[in-house]
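Notes follow once the structure below has been shown.
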Amino acid sequence: MPNESVKFDRAVDYYDQTRGFPPGEEAAVGALIARVGSLSASSRVLEIGIGTGRIALPVAPHLSAYYGIDLSRGMLERLRAKQNGEPIYVVEGDATRLPFPDNTFDAAVAVHVFHLIPGWRDVLRELGRVLKPGAPLVHGWSKRDEGYQSLWDAWNAALPSRPPDVGAQWRETPTFLEDEGWQPVSEEQYHTYIVERSPLDVLEGARQRLWSSLWRLTDDEIERGAAAMQAAVEALYPQPEQARQFESAFIVRAYLPDIVFR
Ligand SMILES: C[S@@+](CC[C@H](N)C(=O)[O-])C[C@H]1O[C@@H](n2cnc3c(N)ncnc32)[C@H](O)[C@@H]1O
């Protein structure tokens, strides 16, 4: 198992285009996180793996200060270029060693990051240290649009020995914090929205390795996966270039640290 975190330098130029929420949805996502994390105008918050600020920019207007840490300088530079007066302060660094004193933050935020960090349990320990007593971690993740699952099923069937995620396993996203002893203090809260995408876009994105789970595959594996996906596209979609609408969901849940971290 690789022992290095997956840093997003190679995704800097396309991350916002391929991962951003559809226009108009960001504000609802920001409000949802603020509500689930009980954030107020005086809150000081830390996001680990802040990236280009997809989450930070809409959450920051709800609070006093939003700190973020990321391994990728390029991702942080993108965030800075988009910042427009929001109280966001970033540091280039590793979430397994947080450069902040104990009991600093009123909440932490983590979205799409634990599966990228081999030392994710160290991150949890660090979050337990820097959170004030009673302060939650707001964990967020997206549910892939169901519509194209059959395309990925075809891809996966062609590559049965795909490497596992380097960190917490993505398929365990809804449960691993509880398994580690963190206590859920909210239900899972959903924000649903429509994504428009054509089957050919999905295939082309896979060929271009847009998703980090594809970065470690060999060229031969990418070719095999893409050939299987292309066959599924041709079988299922007579007009594969035509965009279709899919209901997607962004899910958040708040947790309190395991008492052993204190
Ligand atoms: C999938 S992106 C998510 C960015 C943002 N949270 C969002 O939802 O758009 C994951 C980010 O985590 C960063 N990252 C990966 N391992 C990290 C680590 N050990 N410490 C800090 N950041 C890390 C990557 O560089 C990348 O910018």
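Just so you know, ligand 1 is whichever comes first in the structure, and atom 1 is the first atom listed for that ligand. All residue numbers in this chain count up from 1 along the given sequence. None of the values given here were measured: they were computed from a predicted structure.
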Side-chain donor/acceptor pairs under 3.5 Å, residues 81-88, sequence neighbours excluded:
from	atom 1	to	atom 2	distance (Å)
Lys82	NZ	Asp16	OD1	3.4
Lys82	NZ	Asp16	OD2	2.9
Lys82	NZ	Thr52	O	2.8
Gln83	NE2	Glu86	O	3.0
Gln83	NE2	Ile88	O	3.0
Glu86	OE1	Asn84	N	2.5

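- Look at Asp94 and you'll find a heavy atom under 4.0 Å from some atom of ligand 1.
- Looking at Arg129, its side chain does come within 3.5 Å of a backbone N or O of Leu98 through a donor-acceptor pair.
- Listed by number with element, the atoms of ligand 1 under 4.0 angstrom from any heavy atom of Leu116 are 10 (C).
- Residues forming a salt bridge (Lys or Arg N to Asp or Glu O under 4.0 Å) with Asp153 (at least two apart in sequence, or on another chain): none.
- Counting only N and O atoms by type, the side chains of Asp94 and Thr96 include a donor and acceptor under 3.5 Å apart.
- Residue Ala95 holds the heavy atom nearest to atom 20 (N) of ligand 1 of all those in Pro118, Ala110, Ala95.
- Side chain to side chain, Ser213 and Arg162 meet the donor-acceptor criterion of an N or O pair below 3.5 Å.
- Near Ile50, meaning under 4.0 Å from any of its heavy atoms, are these atoms of ligand 1: 5 (C).
- For Val111, heavy-atom contacts with ligand 1 shorter than 4.0 Å involve the backbone as well as the side chain.
- The Met75 neighbourhood of ligand 1 comprises atoms 27 (O), with distances under 4.0 Å to a heavy atom of that residue.
- A salt bridge between Asp219 and Arg209 is present, with a side-chain N of the basic residue lying under 4.0 Å from a carboxylate O of the acidic one.
- Under 4.0 Å from ligand 1, not a single heavy atom of Arg19 appears.
- Considering only non-hydrogen atoms, atom 4 (C) of ligand 1 lies nearest to Gly49 out of Gly49, Gly20, Ala56.
- The contact set between ligand 1 and Gly93, taken as ligand atoms under 4.0 Å from a residue heavy atom, comprises 20 (N), 21 (C).
- Residue Val113 has at least one heavy-atom neighbour below 4.0 Å for each of these atoms of ligand 1: 12 (O).
- No heavy atom of Ile48 sits closer than 4.0 Å to any atom of ligand 1.
- Neither the backbone nor the side chain of Val123 comes within 4.0 Å of ligand 1, counting heavy atoms alone.
- Phe114 pairs in a ring pair (Phe, Tyr, Trp, His ring centres under 6.0 Å) with only one of the listed residues (Trp170, Trp141, Phe176), which is Phe176.
- Of the candidates Ile117, Asp9, Asp70, it is Asp70 that places a heavy atom closest to atom 26 (C) of ligand 1.
- Note that CG of Leu214 is 5.0 Å distant from CH2 of Trp155, once rounded to the nearest 0.5 Å.
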